[in-house]
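Residue numbers start from 1 in every chain, and the chains themselves are labelled A, B, ... in the order their sequence lines are given, proteins ahead of strands.
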2 protein chains.
Amino acid sequence: MPNQEAARIVIIEDDKTIREGYHYLIDNTSPYTVVNAYPSFDVAKLKIAKDNPDVIILDIQLPGTSGIDALPQLKKMLPDVYIIMLTVYETEKIILDALANGASGYFTKNTPSSKIIDAIKEVMHGGGPMSPDVSKKVIMSLQKNQHSPLTKRETQILELIAEGKDRGQIANQLFIDVETVKTHVKNIYIKLDVNSKADAINVARTNKLI
Amino acid sequence: MPNQEAARIVIIEDDKTIREGYHYLIDNTSPYTVVNAYPSFDVAKLKIAKDNPDVIILDIQLPGTSGIDALPQLKKMLPDVYIIMLTVYETEKIILDALANGASGYFTKNTPSSKIIDAIKEVMHGGGPMSPDVSKKVIMSLQKNQHSPLTKRETQILELIAEGKDRGQIANQLFIDVETVKTHVKNIYIKLDVNSKADAINVARTNKLI
DNA sequence: AAAAAATACCCCTTCAGGGGTGATTTTTTA
DNA sequence: TAAAAAATCACCCCTGAAGGGGTATTTTTT
């Protein structure tokens, strides 16, 4: 673990005002040091390994390689670096993609600048900071749909199918006949308008039924 | 949308000290009103509908019905209520279960009390507040495993299987023979130690390979 | 009393998966 | 840079489970 009190920060952000603003802010109102600030990933990648940063503040909408595409490359060059995304985009897909690809935190640009200092501190201590609007979207992506067309039994059976159980195993577990399982499965397929286990699971997951 | 400046709060928490502490704190240092505080869900459920709360602060480890089991019941009684979980548990599974079942925010009990006031404000404004340790776990649950035993081609085929494509469709899409797809699938099964599509998808998801 | 859900059975076709074999190409590494 | 390893490609046989079709009784809910 690097020195948490003097973490090395790199900023990758194309907007000069924002870039220099954060640079100044971090250098002067926090114990952290900005070792470099770049206007794009394509410029940053040539030198960033030498910068040896602990935390990278990374914009998504960069000229050339986007922040999302930069993520796996940064993780390969600097496996232990913490990356905080900073962007105006906040669609669920982009947020989830960024986090899936190794971002440690995610803030939208309407976040008060002082929160970024807190965020650096949090990632250095193993946290995963997000702005409230971002975490709201993350939470929504985890929530189940309350209005399922499936009955309780059907939902139960679909969950077992999703676990990889076959008809026989499901029948045993629920103390019902294999043929009954078949009937339920048929009804599930009709309701979800699919004709295979895989499709049923996908439709169910997409609509957060299971 | 209820009056955001005078939100009605209910606390469900069995520890008297914590319960009364939050009660006092919220009533005296925030614009919000604690309309009631209960030591368990089983007591709360009899009266909580009349309390008409905007936000419920809910402990997980309650006597009788647990906070997790209380979630769907509360959501049924009060569909628009915001629920902030407050607990010492912070395993990934419990956190994800709580959020999947309708919690709007999640804090561990080492969170400074003042953060709870902020959290109430955030949920009232559509945010999804979480403490850094919690959001870290949520983020980890979203991240892909960088060290997959599968080759690119195998990962690609497994993703198509997970989308519900059959051998023929995969062969067409990748411009290879159906038999080749079969060979790849066999190798995937050997590497993941499974013997069905469903199990392969599950192992892959559990280990975040796809 | 009617509707919805859960239960159970039969026939038939298609596809997934187990087993085995072997060639060509790409990538790694010694 | 040549040898070894890994990845990709292709084919055959056989069995069992999945899925489509239909029918019908009992239980639960409204």
Show me the side-chain donor-acceptor pairs of residues 193-202 of chain A shorter than 3.5 Å, one per line, residues at least two apart or across chains.
from	atom 1	to	atom 2	distance (Å)
S196(A)	OG	D199(A)	N	3.2
N202(A)	ND2	A198(A)	O	3.2
N202(A)	ND2	A162(B)	O	2.7
N202(A)	ND2	E163(B)	O	3.2

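- One end of the helix from dA1(C)-dT30(D) to dA30(C)-dT1(D) points its axis 70° away from the other end's axis, with each axis taken from 5 pairs and the angle rounded to 10°.
- Residues satisfying the side chain to side chain donor-acceptor pair (under 3.5 Å) criterion with N187(B), sequence neighbours excluded, are absent altogether.
- Residues passing the salt bridge (Lys or Arg N to Asp or Glu O under 4.0 Å) test with K191(A) are E154(A), sequence neighbours excluded.
- Residues passing the salt bridge (Lys or Arg N to Asp or Glu O under 4.0 Å) test with E122(B): none are found, sequence neighbours excluded.
- Residues passing the side chain to side chain donor-acceptor pair (under 3.5 Å) test with S40(B): none are found, sequence neighbours excluded.
- In this view, K45(B) and D42(B) satisfy the salt bridge (Lys or Arg N to Asp or Glu O under 4.0 Å) rule, not counting sequence neighbours.
- For the segment residues 160-186 of chain A, the set of residues with a heavy atom within less than 4.0 Å of an atom of DNA chain C comprises I176(A), D177(A), E179(A), T180(A), K182(A), T183(A), H184(A), in numerical order.
- For residues 195-204 of chain B, proximity to DNA chain C is found at N195(B), S196(B), K197(B), defined as any non-hydrogen atom under 4.0 angstrom from a strand atom.
- Residues that satisfy the salt bridge (Lys or Arg N to Asp or Glu O under 4.0 Å) test with E179(B), not counting sequence neighbours, are absent from this structure.
- Protein chain B contacts DNA chain D from dA7(D) to dC13(D), reading 5' to 3' and using non-hydrogen atoms of the protein with a distance under 4.0 Å.
- With sequence neighbours excluded, no residue satisfies side chain to side chain donor-acceptor pair (under 3.5 Å) with K182(A).
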